[in-house]
Amino acid sequence: MREFAIAASNKLALMTAQDSFHIFTKKIGKYPYKEIDITKGLLGKDTCGMEYPGLIMIDASGFLQKKHPLDRYNELTEDVSHEVGHQWFYGTVGSDEYMEPWLDEGLTNLLENGVYDLTYTKNKAYCAKLMHSKFYTRKNVKRANKILKENANQFINKNQKANYINYPVNNPPKGVDTEDMAYELGMDFPAVLKVAMGETKFFDALHDYYQTYYLKQATAQDFLNIIRKYDNSKKVNNVINKFIDPKYLSE
């Protein structure tokens with residue numbers, strides 16, 4: 001059982017990395033390095049993965065047990081896709097991870113959950129086979145897209161208040177956990193922008209942001225400037241104002 005789990009997880013990790021690489025290249029822009037290496041090891045408690053430019057490290061401890069939860073395969077695809085996404089944000093477009101952590105973690109979470117997860121790939125069928133699940137189907141991927149769009153439109157149209165995300169890690173908004181600010185709320189912002197702007201315009205803007213700051217350092221203000229270049233409508237600015245505190249915008 002353990003040998004099978006390790007072999008299956010290795011295959012799934014490679015398939016996920018390849019799929020993520022091609023999807024992100026198509027959606028965001030060209031990968032700048034000659035290769036990307038993946039290693040698996042024991043990274044310690046609560047550390048699912050770690051990224052460096054050209055290198056990602058994935059925790060394998062969950063597959064060394066005699067028995068492991070089937071959903072560990074799903075977690076593996078999320079971890080691999082997320083760390084591959086970091087090759088674009090921050091590995092290519094750098095940012096201040098301390099002062100504006102959402103610029104790399106939030107945008108990378110969007111690549112993982114709002115791009116890779118919402119694109120049907122062959123490795124999703126393989127993951128479904130490993131987990132004995134019918135969840136990973138074209139129909140369910142399409143349904144997930146629809147639900148996320150409906151939730152974003154509800155957020156926009158009901159004029160719901162959000163929490164600011166552009167705070168430093170040592171001073172998150174009151175009542176907000178630093179990790180949630182960077183990862184979850186940091187992903188919600190571009191995910192809602194995608195619906196407010198429309199997918200084509202949003203990804204054109206994200207591609208422009210990537211190309212403009214390719215192998216350079218960017219700020220939240222730089223990101224907003226690109227967004228407003230493509231859509232400076234009242235709807236988009238209302239979304240921006242719900243997530244971005246102008247007092248914490250760095251130049």
Side-chain angles (χ1 to χ4, degrees), residues 8-29 31 36 38 48-51 56 58-59 62 69-91 102-155 165 179-200 202-203 205-207 210 243:
S9 69
N10 288 341
K11 180 179 178 180
L12 184 60
L14 180 59
M15 293 174 70
T16 301
Q18 291 171 331
D19 283 344
S20 299
F21 179 90
H22 292 303
I23 292 169
F24 300 158
T25 298
K26 182 178 180 180
K27 282 285 189 181
I28 309 302
Y31 177 72
I36 177 171
I38 306 175
C48 298
M50 185 62 197
E51 79 286 346
I56 67 173
I58 302 298
D59 180 56
L70 289 175
D71 62 2
R72 184 67 186 96
Y73 290 112
N74 181 51
E75 293 173 7
L76 176 66
T77 64
E78 293 175 350
D79 296 341
V80 172
S81 182
H82 184 90
E83 303 307 342
V84 171
H86 271 304
Q87 299 303 312
W88 278 258
F89 308 112
Y90 76 107
W102 76 271
L103 268 180
D104 72 305
E105 293 297 355
L107 289 179
T108 297
N109 241 15
L110 176 75
L111 294 185
E112 173 200 338
N113 295 290
V115 178
Y116 169 77
D117 273 358
L118 300 184
T119 305
Y120 186 78
T121 57
K122 290 182 179 179
N123 76 311
K124 285 184 171 60
Y126 182 63
C127 191
K129 181 180 179 181
L130 290 173
M131 295 174 63
H132 311 296
S133 170
K134 296 181 180 179
F135 180 77
Y136 298 95
T137 63
R138 290 182 187 274
K139 182 178 180 180
N140 279 337
V141 169
K142 186 176 180 179
R143 182 171 176 268
N145 271 286
K146 182 180 179 182
I147 291 173
L148 289 174
K149 187 174 182 179
E150 289 174 350
N151 289 342
N153 274 319
Q154 186 177 38
F155 175 86
I165 61 172
E179 188 168 320
D180 286 342
M181 178 186 71
Y183 288 82
E184 302 306 325
L185 291 170
M187 174 187 68
D188 288 345
F189 175 44
V192 175
L193 275 179
K194 182 176 70 169
V195 174
M197 298 172 68
E199 283 204 22
T200 299
F202 173 79
F203 282 113
L206 197 57
H207 175 78
Y210 182 74
F243 286 95

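Keep in mind the model is a prediction, meaning the values are calculated, not measured.
Distance CD/Glu51 to CD1/Ile36: 10.5 Å, rounded to 0.5 Å. Once rounded to the nearest 0.5 Å, the distance linking CD1 of Ile38 with CG of Leu14 reads 6.0 Å. Taking CD of Glu184 as the start and CE of Met187 as the end, the distance is 5.0 Å to the nearest 0.5 Å. A distance of 7.0 Å separates CG in Leu206 from CG in Leu110, rounded to the nearest 0.5 Å. Rounding to the nearest 0.5 Å gives a distance of 5.0 Å between CG of Leu76 and CG of Leu12. Atoms OG1 and CZ, on Thr16 and Phe21 in that order, are 15.0 Å from each other to the nearest 0.5 Å.
A heavy-atom distance below 4.5 Å is not found between the side chains of Ile56 and Met50. Residues Glu83 and Ile58 are in side-chain contact: their nearest non-hydrogen atoms beyond the backbone lie under 4.5 Å apart. Side-chain contact between Ile28 and Leu111 is present, with at least one heavy-atom pair separated by less than 4.5 Å. Proximity of Trp102 to Leu185: side-chain heavy atoms (C-beta onward) are nowhere separated by under 4.5 Å. Side-chain contact check for Leu107 versus Pro190: some heavy-atom pair is nearer than 4.5 Å. In this structure, the side chains of Lys26 and His22 stay at 4.5 Å or more apart for every pair of heavy atoms. No side-chain heavy atom of Tyr116 sits under 4.5 Å from any side-chain heavy atom of Glu78. Residues Thr121 and Ile23 have side chains in contact (heavy-atom distance under 4.5 Å, counting atoms from C-beta outward).
The two residues Leu103 and Phe89 have their closest heavy-atom pair at O-CB, 4.1 Å. Taking every heavy atom of both residues into account, Val80 and Ala17 meet most closely at CG1-N, 3.7 Å. Nearest heavy atoms, Ser81 versus Glu112: OG-CA, 3.9 Å. The shortest heavy-atom contact between Val195 and Ala152 is CG2-CB, 3.5 Å.
In this structure, Lys27 satisfies the cation-pi test against Phe203, with its NZ or CZ atom closer than 6.0 Å to the six-membered ring centre and inside 45 degrees of the ring normal.
Classified by interplanar angle (parallel below 30°, tilted 30° to 60°, perpendicular above 60°), the ring pair Phe243/Phe155 is tilted. Classification of the Tyr31-Trp88 ring pair by plane angle, with boundaries at 30° and 60°, yields tilted.
At least one donor-acceptor pair closer than 3.5 Å links the side chain of Thr77 to the backbone N or O of Asn74. Listed for the Lys194 side chain is a donor-acceptor partner under 3.5 Å among the backbone atoms of Gly114.
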- Item | Residue pair His82, Thr108: steps toward the side-chain hydrogen bond (donor to acceptor under 3.5 Å, both in side chains) verdict | CA-CA 6 Å; His82 184 90; Thr108 297; 5.3 Å; no
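With sequence neighbours left out, the side chain to side chain donor-acceptor pair (under 3.5 Å) criterion links Tyr183 to Glu105.
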